[in-house]
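A short worksheet on the structure shown next.
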Amino acid sequence: MAPSAIATTSSTASAASLSAEYSDTITFYLNGTRVVLDDVDPEATLLEYLRGIGLTGTKLGCSEGGCGACTLVLSGFNPTTRKIYHASINACLAPLVAIDGKHVITVEGIGNVSRPHPAQERIAKGNGSQCGFCTPGIVMSLYSTLRNKADSKEELTEEEIEEGFDGNLCRCTGYRSILNAAQTFATTGRKTEVGANGGCGREGGCCMENGNGGGCGGQREVDGGPAKRFTPPGFIDYDPDTELIFPPQLKKHEFKPLAFGNKRKKWFRPVTLEQLLEIKAAFPQAKIIGGSTETQIEIKFKAVQYPVSVYVADIPELRQYEFREDSLEVGANVTLTDLEHLALKAQEKFGEKRGQVFAAVHKQLRYFAGRQIRNVGTPAGNLVTASPISDLNPVLMAADAVLVARSRENTMELPMREFFQGYRKTSLPAEAVLVSIKIPATRERGEFFRAYKQAKRKDDDIAIVTAALRVRVDEEGVVEEARLVYGGMAPMTVAAKRAGEFLKGRKLAELETLEGTMSALSRDFDLGFGVPGGMASYRKSLALGFFYRFYHDAMKEFAGGERDEEAVEEIEREISTGTEDQEAAAAYMQEIVGKSNPHVAALKQTTGEAQYTDDIPPARNELYGCLVLSARAHAKLLSVDFSPALDISGVVDYIDKNDMPSSAANHWGAPHFEEVFFAEEEVHTAGQVIGMVVATSAARAAEGARAVRVEYEELPAIFTMEEAIEKESFYKFFREIKKGDPEGAFEKCDYTFTGVARMGGQEHFYLETNASIAIPKPEDGEMEIWSSTQNPNEAQVYASQVLGVQSNKVVVKVKRMGGGFGGKESRSVPLSSYCALAAKKTRRPVRCMLTREEDMLTSGQRHPFLGRWKVGVNKDGKIQALDLDVFNNGGWSWDLSAAVCERAMTHSDGCYLIPNIHVRGRICKTNTVSNTAFRGFGGPQGMFIAESYMSEVADRLGMPAEQFREINLYRPLEETHFNQPLTDWHVPLMYKQLQEECDYASRREAIAKFNASHKWRKRGLALIPTKFGISFTALWFNQAGALVHIYHDGSVLVAHGGTEMGQGLHTKMTQIAAQALHVPFESVYISETATNTVANASATAASASSDLNGYAIHNACQQLNARLQPYRERLGPKATMKELAHAAYFDRVNLSAQGFYKTPEIGYVWGENKGKMFFYFTQGVTAAEVEVDTLTGSWTCLRADIKMDVGQSINPAIDYGQIQGAFIQGLGLFTMEESLWLRNGPMKGSLATRGPGNYKIPGFRDIPQVFNVSLLKDVEWKDLRTIQRSRGVGEPPLFMGSAVFFAIRDALKAARKQYGVGATVGSDDKEDGLLRLESPATVERIRLACKDEIVERVRVSAKEGEKSFFIAI
């Protein structure tokens, strides 16, 4: 927890000078019902209020407005537009004071399962909800778009629908299905059918349906023009006239000044400027709050306390605007959404030339945060927070805007060029407030203005560097004035002084002017290697690159100079489209199995009725826990003083290692039991748990945790794999696989090449963080635990251990999870154990849901991997030998690192036959988070190493990578390096089919032509296969149990050991049971997963849960069918299950059955290299095409085509969702998701990327522009003996996302080639131009891999002793 920071204002300061009469009552409407609050908690957010009264459909995902899970709609009168506006907002940031006089609409207010809103129904039935935790927020963003567009009577475009989601994240679906559903509401352009025959719904027929084939990539045009609103067949019509009306009483609502609070915090809500100035005079240090987008983050994450806060969003005077002859003056508190619209309006008024500054404002705001933030955020807030990476401030500064400020006594004008005084410091007097901003128009002639931004992700991302560049020239083209303003290059927004001075008086069109300005910029921004924020070389390249782009854009305007026109255009993506082959299952579809049923809980999820762990209503007398975490990466614990926490009102108790029943009980983690629940003598990572504070509320528990005093003696820490290898810091683990004679093969082969493959980790970023509730029972030490865990059995085992009771006294239950991806397999166990121990000690129920920050600090990530390889290959391209050392970064404890390393080793061959191979695996012991299971479990890392050496060796041979891959592909029945024959092997077939279907060869030729004619734009194409072994590598986990009950009314209740985390497991299991028992799908129900219905269940992991639990259910159903067979014969084939059950019951036949299944044949022996490792392999092939802007490192995926062999699909819709979601998660892993640690400062050794603000997962507009998925069909699966002959599909497609990485690599090779940089064919020269690209291929790595003259002049080298600001472990 962060230490407390208290602002200096005292809430007891006299308010006697305030002349207005202040009310303490808030009046608003909630889902159409009037609500009056006269006892308002001043510290509560709107989200906390709503969840506290039982409206739990609105979720908590991050507490910083970065994920959109808490999105709802706040309707109110907008004083800027003078219209009712339905604003999508982040409830986690909104203070309660913001809702006075407004209409709050939550997901529960627009529909329910019985009567869903069309948006809820279409997303549910269109397979747009998997785990469902993000879904209510996505529904409400769509609802906001629909309401506002309906009110405006304008056409709704697909672009507007897609843009409406820019503040929402989803970790499961891959977004394609959500967009398909949402775009059916568009009234212009292409129409999308939801759940139709896999086609895109294009008017006139989809090319995938009418036989033309090829996908939308070859037909990029869309039908334009106005069209009627389109309703897919079988769906509810959308009629805007049936929406919740804006309450007429609110139109008459009188906004009165408000004042309420307690001794800790006081709120004021003035409604006039004069009232605000009075308050500011009485409380000069009061916190002025407009949108609360920054303030709430300071409160939540920095523990800043503002005793007096003033909410100013309801002051109409601050939200007006006025067009003047040569400027626009806007109220400082207009929302950023309104400023967007005003910028467009200004462009219309002033025209293209004079409106350049407003075009720049609009462009920057378009990519500023998400719509929810822009709906409440204000330019005043942007200015006074003085962020050095602001998107908007450079534009205002370059435009020479003037800020108007007022105090009680004075009105003052503050020039933007003098406003920023230092890091987070401005020239605004303490007693003054910003009132308006005067933005001058540009000149009709001789002036040029542009703005730029580069971030890790295009949409809703914090900038790395921003720039606003303006030049003014005379009739001769001589520069009269130059304002080159940058953010992200200094501790505050700054103008490049040397460059500006150099430009003045010079003729712009001369090349010497460009060269001299670039040199001056290099001096202006002479960043050191260890500069705060890191990325010194990249940031300098952006500063120069932006000016280079600006200069050549200006040359188009001011003719006479040489132009590099290609440098001008930035990458812009088109609306995403895509296809699915819905006929893939036609050959084997049964009455229920093989059909594309939507997720069984989808409608509950879209309506907010689906219950997650923290949605369970609080029990009487319930307590809340908050973890006390280590602030050091490695240190001795000298003392822990929790007494200050116990002095805080509401804090009830504290638990740590001393509350364990024994010393042994504090140890967990089979098979070594070396990890501790609570730290003992030492802490081994920043974020290790020291204790837990329990209190009467989550806020008081957090305050108590911050109050615990911990003294440390720091010890040396290790972070990276390279450090661990150098210092030989390893866990006691070594594995090897050896086949053939690698040493002899290396001597005989034509070439031997060596290299290193490195890839970083990945945060799970499930939208629901870890949560648990422990409820003690009054007898025999019993405990009931609800947990968001993939592993209820292990949660039960360790809860019984810390409680000192037998496992039969502990029941662990899981209703569903809001995502898991492996992160809740083992790392969920400590939290449920802490809650259980606290519940036992206090004898009261204890609940804890981790904050996003706590979850990221404590739950571990995907393991970073390092592979040092040597490959022997002949001139014909056939690989002869591989020698490979594999290292993973295990972190501070064992966890599952050994099994992850083993799987990586077994997948390090990729899909390629290597007759002689020696692979060795080690685990690095470091002081980082304890890395853990993550979708793929080492498989993607092993295959990434394989595809890395395949790519680099292909370059060394001078051979196209796809040809080299094809030469070496396994053939059917050939054996892997662990001696397992490949049966039902279809990768070569899919490799051929996909190339034909996506027109790979002609696209390769087109890309070669494109790259030859473009300097700053390069395209790349990659074709990547995958095979993923399905089984737990630990033999004993390959078992499952199930319990099936048939009731008198013919309904069926199924319990199995698997947990539902969005992957559709319960849906598939319901289908299997319904098919097996010959009952309707609707007759089967799965309530929850619980340890008292199915004991000793394996974790839901390894993509084996459908196989294992499906056969266990099938086994139970077979028993029941055998018992019911006499009654089927007696009552006839048309007898219903109700009739059969009645007859059997009266004959005293058992209508319950326990099923069991264990995977046959498997059992590999390490060392001997014998036995069957995996039951089968799921396979696939992906082609991806990208376009890269080499001037900035930005890129877009133009197209991705995926073909997967999932056997006979139990539910194609579920499988397509898994494939799309896994692919996008893999795209994130390999291109943008980067975990970084801080090297120095007060948080030295801590994780820096601990929330959506600085850890970026893919968003809606990061998916391929054309996204096609198909399943292999028309083949025979002779050896596949799984349930329904299906294959596991959860993990295998994730590695397909690497196709985008290798397509980027392909594009970068072309970029380097034009500067004569490339691999030396036939040589293993370490100093040549071979492209060695590390994963993830971030925009920084992409740009720095280029070899153009700009990037070469800005490379920053470390001086002696200098190290980077961040650590990439």
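- Within the model, atoms NE2 of His86 and OG1 of Thr145 stand 11.5 Å from one another, a figure rounded to the nearest 0.5 Å.
- Between Phe546 and Tyr486, the gap from one ring centroid to the other reaches at least 6.0 Å.
- Heavy atoms from other residues, nucleotides or ligands lying under 6.0 Å from NZ of Lys349 number more than 12.
- Here the side chain of Asn333 pairs a donor or acceptor atom with the backbone of Val312 at under 3.5 angstrom.
- At a threshold of 4.0 Å, the pair Arg264-Glu703 counts as salt-bridged, since one of the basic side-chain nitrogens sits closer than that to a carboxylate oxygen.
- Within the structure, salt bridge (Lys or Arg N to Asp or Glu O under 4.0 Å) pairs that include any residue of residues 372-395 comprise Glu163-Arg374, Asp166-Arg374, Glu340-Arg374, Asp391-Lys453 (at least two apart or interchain).
- No donor-acceptor contact under 3.5 angstrom links the side chains of Ser407 and Glu431, judged on distance only.
- Ring geometry, Phe547 versus Phe550: the interplanar angle falls from 30° to 60°, so the pair is classed tilted.
- Listed by first and then second residue, the ring-ring contact (aromatic ring centres under 6.0 Å, His included) pairs that reach into residues 334-365 are Phe350-Phe358, sequence neighbours excluded.
- Of the possible donor and acceptor atoms, one in the side chain of Lys265 sits under 3.5 Å from a partner among the backbone N and O of Tyr306.
- Checked by atom type and distance alone, the side chain of Asn410 never pairs as donor or acceptor with a backbone atom of Met412 at under 3.5 Å.
- By the ring pair (Phe, Tyr, Trp, His ring centres under 6.0 Å) test, Phe246 pairs with no residue at all, sequence neighbours left out.
- Here Glu317 pairs with nothing under the salt bridge (Lys or Arg N to Asp or Glu O under 4.0 Å) rule; sequence neighbours left out.
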Leu336 vs Phe368, side-chain contact (heavy atoms from CB on, under 4.5 Å): CA-CA, chis, key distance, verdict
CA-CA 9 Å; Leu336 297 177; Phe368 177 88; 3.3 Å; yes

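- Scanning for side chain to side chain contact (heavy atoms under 4.5 Å, CB included) contacts around Pro491 gives Tyr423, with sequence neighbours left out.
- Under the ring-ring contact (aromatic ring centres under 6.0 Å, His included) criterion, no residue pair touches residues 383-407, with sequence neighbours excluded.
- Looking at Glu64, Glu294, Glu48 one by one, the single match for salt bridge (Lys or Arg N to Asp or Glu O under 4.0 Å) with Lys300 turns out to be Glu48.
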Using the rule given for side-chain contact (heavy atoms from CB on, under 4.5 Å), can you reason through Phe77 versus Arg82, listing the C-alpha separation, both sets of side-chain angles and the distance that settles it, and then say yes or no?
CA-CA 7 Å; Phe77 179 77; Arg82 301 191 176 280; 3.9 Å; yes

